[in-house]
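Residue numbering restarts at 1 for every chain, and letters A, B, ... go by the order of the sequence lines.
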There are 2 protein chains.
Amino acid sequence: MGIVRKTQSVQIVLDEFRKNSTAISAVHLVTQLSTKLNKSTIYRILDKLEDDGVLHSFMGKDGVKRYAKCQNCNKTTHTDNHPHFQCTICGKINCLQVNVSLPDIPDYSVTSYQVFIQGKCKECL
Amino acid sequence: MGIVRKTQSVQIVLDEFRKNSTAISAVHLVTQLSTKLNKSTIYRILDKLEDDGVLHSFMGKDGVKRYAKCQNCNKTTHTDNHPHFQCTICGKINCLQVNVSLPDIPDYSVTSYQVFIQGKCKECL
DNA sequence: TCTATATTTGCAACTTAGTTGCATTAACAA
DNA sequence: TTGTTAATGCAACTAAGTTGCAAATATAGA
């Protein structure tokens with residue numbers, strides 16, 4: 001359904017993404033905000049913010065869902081063909097501002113794709 | 001530690017991958033083989049087969065771990081820069097025999113990456 | 001500003017994927 | 001054939017995420 005009311009809870013969640021440019025896991029937010037917000041509330045807000053195109057989500061190799069701010073997305077158009085990069089040293093996940101293009105794939109019609117990269121980030125190199 | 005004994009249980013699990021060329025989720029195997037094998041056994045065998053390079057694993061958008069046969073992998077070298085394709089109609093996930101290459105990424109050193117594609121497969125088009 | 005209404009929140013209980021410790025069973029080398 | 005060691009089953013557990021419902025709160029309209 002998306003966000004319909006600008007509640008305090010929504011502001012608190014959004015503040016975390018303003019502070020932090022890296023992707024944040026749902027679990028991390030739940031523990032981080034445990035004194036301010038309830039678990040269910042956080043999951044529900046994240047869902048709605050994703051609906052609205054404010055955030056986008058992806059699964060980590062660990063099976064934990066992560067969210068990051070969308071750059072140029074809204075409710076109808078979501079451009080998420082940018083890769084996510086996880087540093088194997090510090091663990092941080094960032095959205096990369098590069099476009100990965102796929103080769104031609106016979107017998108399949110592609111509608112969307114995600115790229116997940118592992119390696120070392122500038123700080124850890 | 002990898003597989004050290006060719007037990008019946010290992011054969012039963014491998015048979016499922018012989019029957020099926022698509023990726024299989026851990027949960028699916030657990031229910032499929034519930035009369036023959038215990039849940040823990042299946043998870044442990046999958047882990048070991050992945051260790052040995054017989055299978056490779058990846059996370060679905062649903063947070064469920066899936067496994068597929070490796071083509072040219074062994075314990076030491078694992079080449080998994082082939083994409084996984086999930087059909088949005090039939091839900092099946094296949095390994096594509098195409099190589100996706102990444103553009104040059106400044107400030108990062110890449111060690112591995114995964115590509116996950118959604119769309120329609122030949123059968124469902 | 002006040003009020004009615006519909007959305008949002010907190011809570012507790014639940015679901016589901018995956019893990020662990022331990023006693024028993026089964027491979028397999030000698 | 002047997003002793004050793006890995007593999008298995010079981011039951012209990014963990015951790016991420018979901019759900020139903022009653023109470024709280026944002027907001028449109030009076």
Side-chain angles (χ1 to χ4, degrees), chain A residues 1-17 22-68 75 84 86 91 93 116, chain B residues 1-17 22-68 75 84 86 91 93 116:
Chain A
M1 190 173 48
I3 294 282
V4 293
R5 289 184 186 175
K6 289 167 203 146
T7 64
Q8 256 191 323
S9 310
V10 173
Q11 291 311 315
I12 292 171
V13 170
L14 283 175
D15 276 347
E16 293 301 308
F17 287 95
T22 62
I24 312 177
S25 73
V27 213
H28 182 260
L29 281 175
V30 168
T31 48
Q32 190 88 350
L33 302 175
S34 62
T35 54
K36 299 178 191 166
L37 294 178
N38 183 271
K39 188 162 88 151
S40 320
T41 308
I42 297 176
Y43 279 107
R44 287 191 273 232
I45 289 176
L46 290 172
D47 266 9
K48 288 180 180 174
L49 287 172
E50 190 177 11
D51 259 29
D52 287 350
V54 179
L55 301 177
H56 61 276
S57 76
F58 54 93
M59 275 286 161
K61 263 242 143 188
D62 52 2
V64 166
K65 203 170 186 178
R66 279 158 223 271
Y67 291 83
K75 210 171 220 159
H84 293 115
Q86 180 161 38
I93 302 184
F116 200 80
Chain B
M1 191 172 47
I3 293 282
V4 294
R5 289 182 186 176
K6 288 168 205 146
T7 63
Q8 257 192 322
S9 310
V10 173
Q11 292 310 316
I12 293 170
V13 170
L14 284 176
D15 276 348
E16 293 301 309
F17 286 95
T22 63
I24 313 176
S25 73
V27 214
H28 181 260
L29 281 175
V30 168
T31 48
Q32 190 87 349
L33 302 175
S34 62
T35 52
K36 298 178 192 166
L37 294 178
N38 183 269
K39 187 162 89 150
S40 320
T41 307
I42 295 175
Y43 279 109
R44 286 192 273 232
I45 288 176
L46 290 172
D47 265 8
K48 289 179 181 175
L49 287 172
E50 189 177 13
D51 259 29
D52 286 350
V54 179
L55 301 176
H56 61 276
S57 77
F58 54 93
M59 275 286 160
K61 264 242 145 189
D62 52 1
V64 166
K65 203 169 185 178
R66 280 157 223 272
Y67 290 85
K75 210 173 222 158
H84 293 114
Q86 179 162 38
I93 301 183
F116 200 80

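- Counting to the nearest Å, the P atom of D/dA15 and the CE atom of A/Met59 are 17 Å from each other.
- Side-chain contact between B/Arg44 and B/Lys39 is absent, with no heavy-atom pair separated by less than 4.5 Å.
- Note: A/His84 and A/His56 have parallel aromatic rings, judged against thresholds of 30 and 60 degrees for the angle between ring planes.
- Following rounding to the nearest Å, A/Leu46 (CG) and D/dA16 (P) show an atom-to-atom distance of 14 Å.
- Contact annotation: the side chain of A/Tyr67 approaches that of A/Leu46 to within less than 4.5 Å [non-hydrogen atoms, C-beta and beyond].
- By the 6.0 Å contact criterion, CD on A/Gln8 is open, its count of non-hydrogen atoms from other residues, nucleotides or ligands being 12 or less.
- A distance of 4.0 Å separates CD1 in B/Ile93 from CZ in B/Arg66, rounded to the nearest 0.5 Å.
- For the atom pair CD (A/Glu16) and CG (A/Leu37), the distance works out to 9.5 Å, reported to the nearest 0.5 Å.
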Sequence-aligned protein contact record of nucleotides 6-13 of chain C, with B where the base is within under 4.0 Å of a protein heavy atom and S where only the sugar-phosphate is: BBSBBBB-
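- A/Tyr43 has a side-chain polar atom (N or O) that falls below the 4.0 Å cut-off from OP1 or OP2 of D/dG17.
- Put simply, CZ on A/Phe58 and CE on B/Met59 are 14.0 Å apart, with the number rounded to the nearest 0.5 Å.
- With rounding to whole Å, B/Gln11 atom CD is found 16 Å from C/dA26 atom P.
- If you take CG of B/Asp47 and P of D/dA7, they are 12 Å apart, rounded to a whole angstrom.
- Rounded to whole angstrom, the span from the NZ atom of B/Lys6 across to the P atom of D/dA6 amounts to 17 Å.
- Put simply, NE2 on A/His28 is 16 Å from P on D/dA15, counting in whole angstrom units.
- The bend of the helix from C/dT1-D/dA30 to C/dA30-D/dT1, defined by the angle between the axes of its first five and last five pairs, stands at 40° to the nearest 10°.
- Residue B/Glu50 contributes atom CD, which lies 12 Å from atom P of C/dG18 at whole-angstrom precision.
- Within the model, atoms CD1 of A/Ile12 and CG of A/Leu29 stand 11.5 Å from one another, a figure rounded to the nearest 0.5 Å.
- Atom NZ in B/Lys65 sits roughly 16 Å away from atom C1' in D/dA16 (whole-Å rounding).
- Within the 4.5 Å cutoff, the side chain of A/Asp47 has no heavy atoms near those of the A/Asp51 side chain.
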